[in-house]
Amino acid sequence: MAAVFEKLSLYFEYSFVRYALITGVLIALCSSLMGVTLVLKRFSFIGDGLSHVAFGAMAIAAILNISNDMLIIMPVTIICAVLLLMGGRNRKIKGDAAVAMISVGSLAIGYLVLNIFSTSSNLSGDVCSTLFGSTSILTLSSAEVWLSVALSAVVVILFILFYNKIFAVTFDESFAVATGTRAAAYNLLISVIIAVIIVLAMNLVGSLLISALVIFPALSSMRVFKSFKAVTISSAVFSVVCAVLGILVSILAGTPVGSTIVAIDIVGFLVFFAVGVATKRVKGA
């Protein structure tokens with residue numbers, strides 16, 4: 001054990017490791033906060049769909065040789081998030097089908113565009129890294145870290161400021177509208193926040209694993225806690241702890257960062273599930 005701590009202390013002398021840990025914690029925190037809302041609104045799969053949209057936008061930015069791909073990825077992802085979350089109920093194509101169409105379509109178009117107009121000699125490596133995560137979280141510049149800090153701070157502040165409204169829209173949107181709450185405005189806010197989180201999370205776990213950051217903390221906490229506030233707090237703690245453990249294990253063992261975090265999320269879910277079952281049996285006894 002002493003050797004492990006000594007190795008970790010050696011790694012933490014490098015700024016890129018500290019940057020990865022800071023960014024990973026912030027992304028995990030933001031994902032967990034909105035994850036509870038998405039799960040309760042039955043939009044769990046939207047993280048996966050939007051991540052594929054971001055992949056398609058990234059492919060277009062790559063072939064256009066745009067150095068700052070955020071200029072394309074962020075607005076495209078936000079627009080799709082708004083269309084999915086706010087317009088799903090009023091369309092002939094309902095929410096889950098719309099998510100599936102956009103998800104598969106964006107992924108296919110992105111990969112097709114990269115194949116036709118490839119500017120890299122390692123296309124398979126680039127695509128695999130983007131989809132499943134890579135060591136990009138360990139090569140972040142200080143500017144990218146500060147951008148993640150700023151956007152994460154905005155997400156957390158907005159969630160805290162509008163907590164009551166988000167709670168009302170999440171549980172009973174019709175009742176919220178009847179009481180004078182501008183549900184459309186808060187759905188728009190939720191859409192923008194989710195899009196920002198998805199774009200940030202691509203560097204951490206990759207496009208195909210983003211849903212895990214959103215779903216597992218919320219579902220795990222719901223096994224043990226019942227109130228919205230308790231689930232939200234537990235989800236945030238769960239997500240941050242799993243992200244820290246995942247990053248540390250990936251550094252020590254040399255495993256992919258994103259996949260390692262998701263694997264620890266799964267273990268955490270099983271633990272919470274067992275605790276929930278045990279608690280129910282104790283109460284029923």
Side-chain angles (χ1 to χ4, degrees), residues 1-12 14 16-39 44-45 47-48 51 128-140 145 148 152 155-156 194 197-225 230-279:
M1 185 62 70
V4 172
F5 284 113
E6 184 178 348
K7 189 175 182 180
L8 283 176
S9 64
L10 178 63
Y11 275 116
F12 275 102
Y14 298 99
F16 68 87
V17 176
R18 298 194 297 272
Y19 287 165
L21 194 61
I22 292 170
T23 305
V25 166
L26 292 174
I27 292 171
L29 174 61
C30 294
S31 301
S32 64
L33 292 178
M34 297 312 301
V36 178
T37 296
L38 289 181
V39 170
S44 304
F45 195 59
D48 204 38
S51 67
C128 188
S129 296
T130 305
L131 292 179
F132 294 100
S134 65
T135 56
S136 61
I137 189 68
L138 298 176
T139 57
L140 295 173
V145 174
S148 298
S152 298
V155 169
V156 173
I194 290 167
I197 292 171
I198 295 303
V199 174
L200 289 176
M202 283 185 67
N203 277 332
L204 181 63
V205 297
S207 295
L208 293 183
L209 303 178
I210 286 176
S211 288
L213 287 183
V214 175
I215 296 171
F216 275 111
L219 289 180
S220 300
S221 299
M222 288 175 185
R223 302 309 99 190
V224 179
F225 302 98
V231 169
T232 301
I233 294 173
S234 171
S235 178
V237 174
F238 177 97
S239 186
V240 168
V241 170
C242 288
V244 171
L245 289 176
I247 292 173
L248 294 181
V249 169
S250 70
I251 291 172
L252 292 173
T255 55
V257 178
S259 302
T260 305
I261 293 175
V262 174
I264 292 178
D265 277 334
I266 294 172
V267 173
F269 172 79
L270 295 176
V271 171
F272 271 63
F273 181 82
V275 170
V277 171
T279 302

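Positions are given from 1 along the sequence. It should be emphasised that the depicted structure is a prediction, and the values quoted were computed from it without experimental measurement.
Between L33 atom CG and L38 atom CG the span is 11.5 Å, to the nearest 0.5 Å. To the nearest 0.5 angstrom, I27 atom CD1 is 10.5 Å from I198 atom CD1. Here the straight-line distance linking atom CZ of R18 with atom CG of L21 works out to 10.5 Å at 0.5 Å rounding. Rounded to the nearest 0.5 Å, atoms CZ (F225) and OG1 (T232) are 11.5 Å apart. Between atom CD1 of residue I197 and atom OG of residue S152 there is a gap of 8.0 Å, rounded to the nearest 0.5 Å. Remark: F269 CZ to R223 CZ distance equals 5.5 Å, nearest 0.5 Å.
In this structure, L213 and I261 have side chains that are in contact, with non-hydrogen atoms separated by less than 4.5 Å. At least one side-chain heavy atom of V156 sits less than 4.5 Å from a side-chain heavy atom of C30. Inter-residue side-chain proximity for L219 and F273 is flagged as unmet; no heavy-atom pair is nearer than 4.5 Å.
When atom types are taken as modelled, the side chain of S239 and the backbone of A28 share a donor-acceptor pair closer than 3.5 angstrom. Judged by distance alone, with hydrogens and angles left aside, the side-chain atoms of S250 form a donor-acceptor pair with the main-chain N or O of I247 at under 3.5 Å.
Nearest heavy-atom pair, S220 versus F238, reported as atom, atom and distance to 0.1 Å: OG-CZ, 3.5 Å. In this structure, A236 and S32 approach most closely via the heavy-atom pair CA-OG, 3.2 Å. When every heavy atom of V224 is checked against every heavy atom of G276, the shortest pair comes out as CG2-N, 4.2 Å. In terms of heavy-atom proximity, I266 sits nearest to F216 at CG1-CZ, 3.6 Å.
Checking S234 against S221 by side-chain atom types alone, a donor-acceptor pair falls below 3.5 Å.
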